[in-house]
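Worksheet for the structure shown next.
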Amino acid sequence: MLRTENCGQLRVTDIGRSVQLAGWINRSRDLGGLIFLNLRDRYGLTQVVVEPETTELHELAATLHMEDVLQLEGEVRARPEGQANPAMATGEIEVRVTALKLLNRAKPLPFLIRDDEEISEEARLKYRYLDLRRPRMLHNMQVRHQLSLISRNYLSEQDFIEVETPVLMKSTPEGARDYLVPSRIHPGCFFALPQSPQTYKQLLMVAGLDRYFQIVKCFRDEDLRSDRQPEFTQIDLEMSFVEEEDVFNIVEGLVKRVYREIRQIEIPTPFPRITWEEALQRFGTDKPDLRFGMEIVELSELFQDCGFTLFEQILATGGVIRGIRVPGAAADFSRKKIDALNDYVKHLGVPGVTVIKLTPEGINSSIAKFTGTETLQQVADLLQGEVGDLLILGAGEPPLTAKVLGHLRVKFATELELIDRSRPAITWVINFPMFDYSEEDKRLVAAHHPFTQPDKNELEQGVPLEQLHSRAYDLVIDGYEVAGGSIRISEREMQEKVFELLQISPQEAEAKFGFLLRAFEYGVPPHGGIAFGFDRLVMLLTGETNIKHVIAFPKTNAAYSLMDDAPTTVSQQQLEELHIRTIEPPESGKKE
RNA sequence: GGUCCGGUAGUUCAAUUUGGUUAGAGCGCCAGCCUGUCACGCUGGAAGUUGCGAGUUCGAGUCUCGUCCGGACCGCCA
């Protein structure tokens with residue numbers, strides 16, 4: 001070892017000891033005579049002093065720069081009276097340098113290694129290895145590690161075993177776009193990278209493993225968002241002989257332990273549950289942020305014959321009028337802000353929203369001249385509006401109106417800082433629909449995935465397919481979908497029936513999922529499971545709002561790696577070996 | 001596929017509103033001074049294809065169009 005201690009551990013009890021340290025220069029202060037260096041490693045900072053009497057050392061020390069890498073020997077001593085630094089864990093001591101070796105020089109940096117400066121995402125990603133030196137990023141990596149360790153220990157204690165499933169697998173229809181990997185040995189054939197190990201974990205249940213988990217990379221070739229990366233990590237688990245309650249118990253135990261050990265926050269269990277329909281009705285989304293109120297209120301009845309033609313027409317054609325109350329926002333809500341608000345909602349797909357201000361002088365709204373103030377007063381009463389509040393009404397078809405108001409609810413709560421960030425708001429969302437209708441494909445598609453068990457009672461009672469519910473569930477924390485799963489189909493007949501409803505032909509079902517259907521003929525335990533978005537959970541635990549900040553080497557919005565310039569074109573020879581011809585001739589590498 | 005925001009020194013920003021002299025500042029960098037600093041201090045200095053390309057204009061960092069890059073979002077994400 002090039003050191004006897006790390007940079008975070010020396011204390012007054014070490015005074016008098018001779019030690020070796022190694023690390024980066026976090027900062028240097030050359031006073032002309034004395035030179036102070038803050039030596040940094042993963043564990044902390046230690047101040048070392050080079051005295052002018054040590055002539056050769058002093059000359060070397062005077063040439064050092066930030067982020068140079070040093071190894072040194074010295075003596076631990078107390079700092080002089082009044083010179084301790086209470087902000088440093090090692091602030092009561094310093095190391096007087098007796099030998100100094102420059103292990104590596106650093107060029108001037110593209111940015112400083114400190115938390116208090118905002119650096120462009122572009123620079124951070126290009127020099128990710130420097131960004132990761134910053135305490136904030138180091139902390140995020142440590143939380144990642146903790147989460148993975150806690151999960152493994154907890155699940156192992158609960159009799160789960162970790163099994164690795166293939167990364168090269170079969171491309172299947174439904175779901176996200178696959179990342180494909182060409183096969184050299186099978187010309188024209190491709191593997192897919194897993195969107196999730198879904199079918200494998202079900203087969204592990206058929207195999208009798210009973211309780212499986214895996215911390216596993218998944219890949220989806222879809223567009224990115226601040227909470228979505230093309231490759232991401234799941235805590236994937238599956239259990240045999242279980243129903244919803246059993247999965248919930250395991251998950252609640254894990255989440256409880258995670259928040260206790262990482263955040264020192266006690267989470268009461270069981271977690272609350274809300275149905276999918278109620279979530280949409282009250283919060284305008286299937287992943288409601290319950291850290292604040294501002295719920296969406298149904299107002300349609302009030303506007304039945306309100307005198308405002310637009311609203312009456314919308315109601316007559318099956319639309320709804322709903323509203324939210326934004327506390328205290330009326331005062332400075334100018335014409336300009338109303339315009340900005342309407343611009344904002346336009347990109348969500350609606351022409352605009354209606355704004356009502358509850359001012360000390362009375363109710364103020366552009367629609368008052370049609371409806372009169374009496375109707376608006378009833379609106380205010382229903383929304384429990386007080387003087388000074390802003391009321392926002394959305395009108396249109398129910399799902400879109402819900403979505404718009406749901407977005408506005410979060411937007412205003414964030415801007416007005418109405419969100420309690422001291423503790424997480426956790427809820428189960430249950431009773432998902434089994435199917436969605438796809439306008440694009442003109443058919444039903446699985447709302448969760450095609451292995452999810454439908455509500456058997458509803459099915460037997462002949463409930464229309466569009467209204468059929470499934471045994472799927474999501475875990476939602478602070479408005480993020482953190483985990484999702486379901487009780488699975490475990491009978492071949494039911495699985496075939498669902499494929500049929502999804503208009504997957506028997507031939508296609510056999511070709512794509514034949515292995516699963518075959519497995520279902522050999523004794524399948526009832527089973528179910530769930531998968532956590534590992535990165536999203538780390539994001540919540542660290543208070544980050546961008547998933548990139550909890551991933552060591554992430555991709556940009558354009559799914560590109562700025563640090564190593566991936567992806568790239570490959571040589572003609574590589575393509576030929578893989579039996580691949582590209583449609584466009586390869587550009588000269590990267591676009592500039 | 002679409003909408004919006006941004007791109008000026010190594011870096012974070014200003015100058016863009018209303019086109020007009022030599023594009024400024026903090027940090028960093030370089031040189032000098034400094035023996036108790038810890039965001040050390042003081043003095044001086046270097047540092048720019050204003051992302052790129054066209055256009056308008058007597059004149060463009062500033063206006064227009066295209067394009068590239070980054071970000072947020074819609075679509076997409078079983």
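- Among the heavy atoms of the strands lying under 4.0 Å from A:Ala447 are primed sugar atoms or P, OP1, OP2 only; no base atom is included.
- Each of B:C69, B:G71, B:U35 was ranked by its minimum atom distance to the side chain of A:Pro52; first place goes to B:U35.
- Heavy atoms of A:Arg488 sit nowhere under 4.0 angstrom from any nucleic acid atom.
- Considering only side-chain atoms of A:Leu125, the nucleotide from B:C27, B:G71, B:C76 that sits closest is B:G71.
- Residue A:Glu481 is classed as having no contact, given no heavy-atom separation below 4.0 Å to the nucleic acid.
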What does the list of N/O pairs under 3.5 Å between the protein and nucleotides 2-4 of chain B look like, with a distance for each?
none

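- The phosphate of B:G75 (OP1 or OP2) has a side-chain N or O of A:Lys403 nearer than 4.0 angstrom.
- If you check every strand for non-hydrogen atoms under 4.0 Å, A:Lys126 touches nothing.
- A:Phe36 places its CZ atom 12 Å from the P atom of B:C40, with the value rounded to the nearest Å.
- Nucleic acid contact for A:Gln198: base, since at least one base atom lies under 4.0 Å from a heavy atom of the residue.
- Base pairing annotation: B:G20 forms a Watson-Crick or G-U wobble pair with B:C58, both donor-acceptor distances under 3.5 Å.
- Nucleotides B:G32 and B:A14 place their C1' atoms 30 Å apart, quoted to the nearest Å.
- Pairing for B:A31 is with B:U43, a Watson-Crick or G-U wobble pair whose two hydrogen-bonding atom distances lie under 3.5 Å.
- Pair assignment for B:G70 gives B:C5, based on Watson-Crick or G-U wobble hydrogen-bonding distances that are each under 3.5 Å.
- Of the candidate nucleotides B:G71, B:U35, B:G1, B:G1 has the atom nearest to the side chain of A:Asp223.
- Among the nucleotides B:G70, B:A72, B:G10, the one closest to any side-chain atom of A:Pro110 is B:G10.
- Phosphate proximity of B:A72 to A:Asn557: present, with a side-chain N or O under 4.0 Å from OP1 or OP2.
- Among the atoms of the strands shown, base atoms are found under 4.0 Å from some heavy atom of A:Gln47.
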